[in-house]
Peer 1: 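Take this structure, written in structure tokens, and hold onto it; I'll ask about it next.
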Amino acid sequence: MGQLEPITDSDNLSVSSANGEGKRRSKKSKDGRDKNSKKRAHADDDKPSDLNGTRQTAERRSSVSKPARDFRDKPEPSPKKKKKRKTADDVIAEPSTRSPSPVIDFDGLSRPSRGTRERLEESAEQKDERMEKMKGAVRTLLECVGEDPNREGLLATPERYAKAMLFFTKGYQENVRDIVNGAIFQEGHNEMVIVKDIEVFSMCEHHLVPFNGKMHIGYIPNNAVIGISKLPRIAELFARRLQIQERLTKEVANVIMEVLQPQGVAVVMESSHLCMVMRGVQKTTTSTITSCVLGCFEQREKTRNEFLSLIGVNR
């Protein structure tokens, strides 16, 4: 066997220097790989990639806390609508007859239709034509019930009935502002005002037969008071139309609230309906009571009870 040569210090030095050089080369190559991988990562972030036709964004949400969402799932913001500024022509073109009230039309024509406006604005010739049409309709009714329109007692009946029906419904031609006629006075009064036992006659729109009774109107002024005769006139205006008692009560209360703007309004009506006295159930002693309370009368029970007590209903 050959004898092994002893390892000298110079050999150890060369080995350690070789190992050190290898470590430095390894570290450099590793640093280079890290830098290259970072560059590629940045490049990948800058460039969106396609996966199954879906564009991936660089920013991803955790799929554990918040599920990832495709950017196409996000709703697009709705475009803001530009408000059109009103010009002077637009202001002039707007109708001025509509009041803030949901019930009353400020020109006095509650529930106005083409027919009511035609009647309000008709000429003398159109008025005569309307009368002849109504007379012919009444004559037809007389024939249909088995009567002879040419009988002496019925010869003038068509004309008389047509005139009576126009009077029963004259409220369609009357105007709220004309009836009030500026009779609102600043008196600094804030206590209850009541006009009671106003006689009211109206026509039931279901059977065209009368119902009549009494209406009680109360209000608490907000410094301004209205001429007391205007309250019965307002009641008459809306009663002289084809009505039902519930709507009549509400219309009177709303128009007073609108033109006077008091602290509150209360209207109570009690009446007898011939549609249930002369026909139907034929109960002659029944009466119907309806009410409409607005403002402080609706909000305060004590005020409401005071009104009902004063008009004799809360007995």
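Please read all numbers here as calculations on a predicted model, not as lab measurements.
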Peer 1: Taking N175 for the side chain and R177 for the main chain, is one N or O donor matched with an acceptor at less than 3.5 Å?
Peer 2: yes
Peer 1: Hey, are the side chains of E301 and R304 touching, using non-hydrogen atoms and a 4.5 Å cut-off?
Peer 2: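 When only atoms from C-beta onward are counted, R304 and E301 do touch, with a gap below 4.5 Å.
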Peer 1: My understanding is that only one of E251, E174, K170 makes a side chain to side chain contact (heavy atoms under 4.5 Å, CB included) with L237; could you say which?
Peer 2: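 Passing option: E174.
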Peer 1: Other residues, nucleotides and ligands only: do more than 12 of their heavy atoms fall within 6.0 Å of CZ on R300?
Peer 2: no
Peer 1: Using a 6.0 Å cut-off, check whether atom CD of E122 has over 12 heavy atoms from anything other than its own residue.
Peer 2: yes
Peer 1: Taking S202 for the side chain and R241 for the main chain, is one N or O donor matched with an acceptor at less than 3.5 Å?
Peer 2: yes
Peer 1: M215 pairs by side chain to side chain contact (heavy atoms under 4.5 Å, CB included) with which of T290, I311, L248?
Peer 2: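 Going through the options one by one, the only one that passes is L248.
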Peer 1: Taking the side chain from Y219 and the backbone from L260, do they hold a donor-acceptor pair closer than 3.5 Å?
Peer 2: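 Absent.
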Peer 1: Hey, are R151 and E147 close enough for a salt bridge, meaning a charged N less than 4.0 Å from a carboxylate O?
Peer 2: yes
Peer 1: Is a donor on one side and an acceptor on the other found under 3.5 Å between the side chain of Q263 and the backbone of P221?
Peer 2: yes
Peer 1: With side chains defined as the heavy atoms from C-beta onward, is the minimum distance between L294 and N254 less than 4.5 Å?
Peer 2: yes
Peer 1: May I ask you to decide whether E306 forms a salt bridge with K302, counting only side-chain N to carboxylate O separations under 4.0 Å?
Peer 2: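 A salt bridge is absent here (no side-chain N lies under 4.0 Å from a carboxylate O).
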Peer 1: Between E205 and R247 (salt bridge meaning N to carboxylate O under 4.0 Å), is one present in this structure?
Peer 2: yes
Peer 1: Could you go step by step and tell me if K135 and E132 meet the salt bridge (Lys or Arg N to Asp or Glu O under 4.0 Å) rule?
Peer 2: CA-CA 5 Å; K135 286 163 61 176; E132 290 300 321; 3.3 Å; yes
Peer 1: Backbone N or O of C275 within a donor-acceptor pair of the R279 side chain at under 3.5 Å?
Peer 2: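 Looks like yes, one N/O pair under 3.5 Å.
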Peer 1: Among the clusters formed by ILVMFWY side chains lying less than 4.5 Å apart, do I228 and I234 turn up in the same one?
Peer 2: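 Linked within one cluster.
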Peer 1: Does a side-chain N-to-carboxylate-O contact under 4.0 Å join E159 and K163?
Peer 2: yes
Peer 1: Between SG of C292 and CD1 of I217, what distance do you get to the nearest 0.5 Å?
Peer 2: 11.5 Å
Peer 1: What is the minimum heavy-atom distance between F211 and I244, and which atoms define it?
Peer 2: CZ-C, 4.2 Å
Peer 1: If we only count heavy atoms from C-beta on, is the M203 to V209 side-chain gap below 4.5 Å?
Peer 2: no
Peer 1: Any salt bridge between E199 and K214, counting N to O under 4.0 Å?
Peer 2: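 The answer is no: the pair does not qualify as a salt bridge.
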Peer 1: Short question: side chain of E270, backbone of G213 - any donor-acceptor pair under 3.5 Å?
Peer 2: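 No, because the side chain of E270 does not come within donor-acceptor range (under 3.5 Å) of the backbone of G213.
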Peer 1: Check whether H216 reaches the backbone of D197 with its side chain - one donor and one acceptor, N or O, closer than 3.5 Å.
Peer 2: yes
Peer 1: Please work out which of the three classes, parallel, tilted or perpendicular, describes the rings of F307 and F297, given edges at 30° and 60°.
Peer 2: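 Correct class here is perpendicular.
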Peer 1: How about T288 and Q245: does a side-chain donor come under 3.5 Å of a side-chain acceptor?
Peer 2: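 Looking only at side-chain atoms, Q245 and T288 do not form any donor-acceptor pair under 3.5 Å.
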Peer 1: When you look at CD of Q282, are more than 12 heavy atoms from neighbouring residues, nucleotides or ligands closer to it than 6.0 Å?
Peer 2: yes
Peer 1: Going through the distances and angles, do E236 and R240 end up as a salt bridge (Lys or Arg N to Asp or Glu O under 4.0 Å)?
Peer 2: CA-CA 6 Å; E236 178 78 1; R240 294 299 183 180; 2.8 Å; yes
